[in-house]
Amino acid sequence: MIEFSHAYKVYSGTTSPIHALKDINLRIEKGEFVFLTGPSGAGKTTLFKLLSAYDRPTSGKICVSGFDVNQMTSQQIPYFRRHLGVVYQDFRLLRQRTVFENVALPLEIRRERSRYIKARVEEVLEQVSLFHKRNEYPNQLSGGEQQRASIARALIHHPNVLLADEPTGNLDPELAREIVAIFDKINAQGTTVFIATHDHELVKSRSRRTIELKDGAIV
Amino acid sequence: MINAWSHLRRSVRFQPLVQLTTFTVLVASFLVLIIAVTFQQNFASVLTHWGRQVKVDVYMQDSATDVQTAAVKSKIESSRLFANIHYFTKDQAAARFKDRMGKYLPGLLDDLGADNPLPASFELEATKGVVSQRAYEHLLAFARALKKQAGVDDVSYGQGWVENYASALHAFSVSVVVLMFVLLIGAAFVVGNAVGNSVTQRRDEIEIMELFGATRSMIIRPYIFEGFAMGFAAAATALIFAHGLYSYEYKVMSQSLSFWNFQSSMRFLSAARIFLALLSGAFLGGLSAYLWARKVATGWAAAEAK
C-alpha cells in the first residue's frame with residue numbers, strides 16, 4: 001500500500017544543502033493504522049508531503065496505492081491525489097468557501113452528483129460534529145473546528161489512504177480522543193491510516209504500529 | 001464540477017479590492033484604446049471631408065483648336081477621376097470675372113471684350129476627393145499627363161494646399177498605425193499583469209485545488225471565465241465612458257466650431273466596432289487569465305510556493 005525505498009529529500013539551504021529525509025525505507029500494508037512520531041524538525045511533514053505528492057523526492061522510490069510517485073506524469077498526479085485523504089497541519093481550507101463547500105470539494109472534483117454530495121457532506125459533518133457550522137466560513141471557526149472540517153474533507157470520498165499531519169495538535173484532549181476515534185472507525189472500514197504526531201500520550205494510549213523519525217532518518 | 005459562476009461570485013465577494021483594482025486598470029486601458037480608435041476614425045473623416053473639396057482647373061491655350069479642346073475633354077471624362085466637369089470659354093470666363101469683380105473695378109473691365117486675357121478652362125471636381133495618398137498620387141499623375149496634352153496651357157489643383165494636405169494625411173495614417181500598435185501592446189501588457197496579479201493573489205486556492213486532485217483544466221477554466229467576464233465588463237464600461245466623452249466633444253464641436261461643420265463628419269464607433277471591442281476585451285481578459293493560471297497551476301504549485 002505504502003512503500004518507501006531509499007528515499008531522500010534534500011532542500012537547497014543558504015550555506016549548505018538541508019537533508020530533510022535520509023534513506024527512508026518503510027512499508028505499510030493495506031488496512032494498517034500507523035503513527036509517525038518524532039520531534040519537531042525530524043522530517044514528519046516532509047515525509048507526508050512526499051507521500052501525498054505535495055512535493056517530489058530528491059531520489060529513491062515511493063509507491064502509494066499502486067502509484068509510483070516518482071514516475072507519475074503530471075496528468076496522473078491529480079488522479080493519484082484523489083485516492084488519498086489528507087489532513088494538513090495548517091488545515092488548508094479555502095477561505096472563500098463555507099464549511100459545506102470546503103468539505104464537498106473532493107467530491108466536486110470527482111464530478112459526483114449534487115444530491116449525493118449533499119447527503120455525503122451532511123453525513124460526514126455529523127460525524128465530526130460540525131453540521132451546525134456547515135454554512136460558516138473558515139475564519140468564523142475556532143482552530144479545532146477548522147481541524148475537524150479539514151478531517152471531514154479528507155474522509156468525504158472514502159480514500160484508500162488517510163494521511164494526517166498533527167491532526168490533534170490544536171484540539172483539547174477530549175476532542176483529540178474523539179478525532180482519533182473517528183480515525184479508528186475509518187480504519188475499521190479498511191482504510192489505511194497514517195498519522196504524524198508528537199503527542200506521545202495519544203500514541204501510548206493506542207497499541208498501534210509506530211515509526212519514529214529523528215534528524216530525517218527512521219530510528 | 002467546479003462552477004465558474006460560483007467562482008466568479010466568490011472572487012468578487014472575497015477579494016473586492018483586488019477585483020476592483022483589476023477592473024479599473026482594465027477599464028482605463030480599454031478606454032485609451034477606444035478613444036484612440038474613435039479619434040482616428042473621426043480625424044480621418046474630417047480629413048476626408050476636406051479632401052472631397054479639391055478642385056482642378058485646366059487652362060487652355062488661346063491658340064487651342066476645337067479638336068484639341070474636345071480631346072482634352074475626352075481624356076478628362078475617360079479618366080473617371082472627376083464627377084463634375086464644366087467648360088468655360090474665354091467669353092464665359094470674362095463674363096464670370098466681370099460678374100464677380102465688376103462692382104469693384106467698373107471702368108477697367110469695360111474693354112475686356114476687345115482684349116480678353118482670361119483663358120478658356122475646364123473646372124473639375126474630384127469624384128472621391130483626395131482622401132488617401134494613393135488618390136493624391138493619381139491626381140498628380142493625371143495633372144502631369146494632362147499638362148502635356150496639346151492645347152493645354154496649365155493645370156492647377158491648388159498644388160501647395162493639396163500637397164500639404166496629402167502629406168498630413170499620410171503622416172497621420174502612419175502615426176495612427178504606430179500609436180495603435182504601441183497602445184495595443186501596452187494595454188495587453190497592463191491587462192495581462194492586472195489579471196495575473198489577481199490570479200497570483202489566489203495562489204493558495206490553486207494549491208488546495210491541486211492537492212485534492214483537481215486537474216489543470218478544472219483549475220484553469222474558472223479563471224479563464226473570470227478573466228473573460230471581467231474583460232467583457234471592462235470593455236463595456238470603457239465603451240460607455242468613451243461614448244460619454246464623445247457626446248461631450250460632439251456638443252463642443254457643434255457649438256464652438258460649427259463653421260467648419262466638423263460635426264457632420266463625426267461618428268462614434270459602428271456597431272461592428274463596438275462588438276469587436278467587447279470581443280477583444282473578453283478575449284484579452286480570458287487569455288491573460290489562462291496564461292497566468294497556467295503558470296501557477298503546474299501540478300506542484302504547493303511545493304513550488306516554498
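Numbers restart at 1 for each chain; the letters A, B, ... are given by sequence-line order, proteins then strands. These numbers come from a predicted model, not from an experiment.
Side chain of A/Arg92 to backbone of B/Ile208: no donor-acceptor contact under 3.5 angstrom is found. For the pair B/Arg10 (side chain) and A/Arg97 (backbone), a donor-acceptor distance under 3.5 Å is absent.
The salt bridge (Lys or Arg N to Asp or Glu O under 4.0 Å) pairs that include a residue from residues 8-21 of chain A are A/Lys9-A/Asp55, where partners are two or more places apart or lie in different chains. Among residues at least two apart or in separate chains, salt bridge (Lys or Arg N to Asp or Glu O under 4.0 Å) pairs with a member in residues 118-129 of chain A are A/Lys118-A/Glu122, A/Arg120-A/Glu123.
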(request) Under the side chain to side chain contact (heavy atoms under 4.5 Å, CB included) rule, what do B/Arg9 and A/Gln96 come out as? Steps first, then yes or no, please. (result) CA-CA 10 Å; B/Arg9 186 173 46 79; A/Gln96 304 92 329; over 6 Å; no
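Of all the heavy atoms in B/Gly213 and A/Ile109, the pair that sits closest is O-CG2, 3.3 Å.
Applying the 6.0 Å contact sphere to OH of A/Tyr11 captures more than 12 heavy atoms from other residues, nucleotides or ligands. Residue A/Phe100 qualifies as enclosed at atom CZ: its count of foreign heavy atoms under 6.0 Å is above 12. Annotation for A/Tyr116: atom OH counts as buried by contact number, over 12 foreign heavy atoms lying within 6.0 Å. Other residues, nucleotides and ligands contribute at most 12 non-hydrogen atoms within 6.0 Å of the OH atom of B/Tyr290. A 6.0 Å sphere centred on CZ of B/Phe268 holds more than 12 heavy atoms belonging to other residues, nucleotides or ligands. Heavy atoms from other residues, nucleotides or ligands lying under 6.0 Å from NZ of A/Lys61 number 12 at most.
For A/Gln75, no part lies under 4.5 angstrom from a heavy atom of chain B. Only the backbone of A/Leu93 comes within less than 4.5 Å of a heavy atom of chain B; no side-chain atom from C-beta onward does. Residue contact with chain B, scored on non-hydrogen atoms closer than 4.5 Å, involves the side chain of A/Ile77 exclusively.
Of the listed residues (A/Ser52, A/Gly85, A/Ala53), the one with the most heavy-atom contacts under 4.5 Å to chain B is A/Ala53.
Residues passing the side chain to side chain donor-acceptor pair (under 3.5 Å) test with B/Tyr223, sequence neighbours excluded: B/Glu205.
Annotation: side chain of A/Arg153 is in contact with side chain of B/Phe212 (closest heavy-atom distance under 4.5 Å).
We find the CG-OH distance between B/Leu211 and A/Tyr88 to be 4.0 Å, quoted to the nearest 0.5 Å.
Chain B is approached within less than 4.5 Å, heavy atom to heavy atom, by A/Tyr137 from residues 128-140 of chain A, ordered by number.
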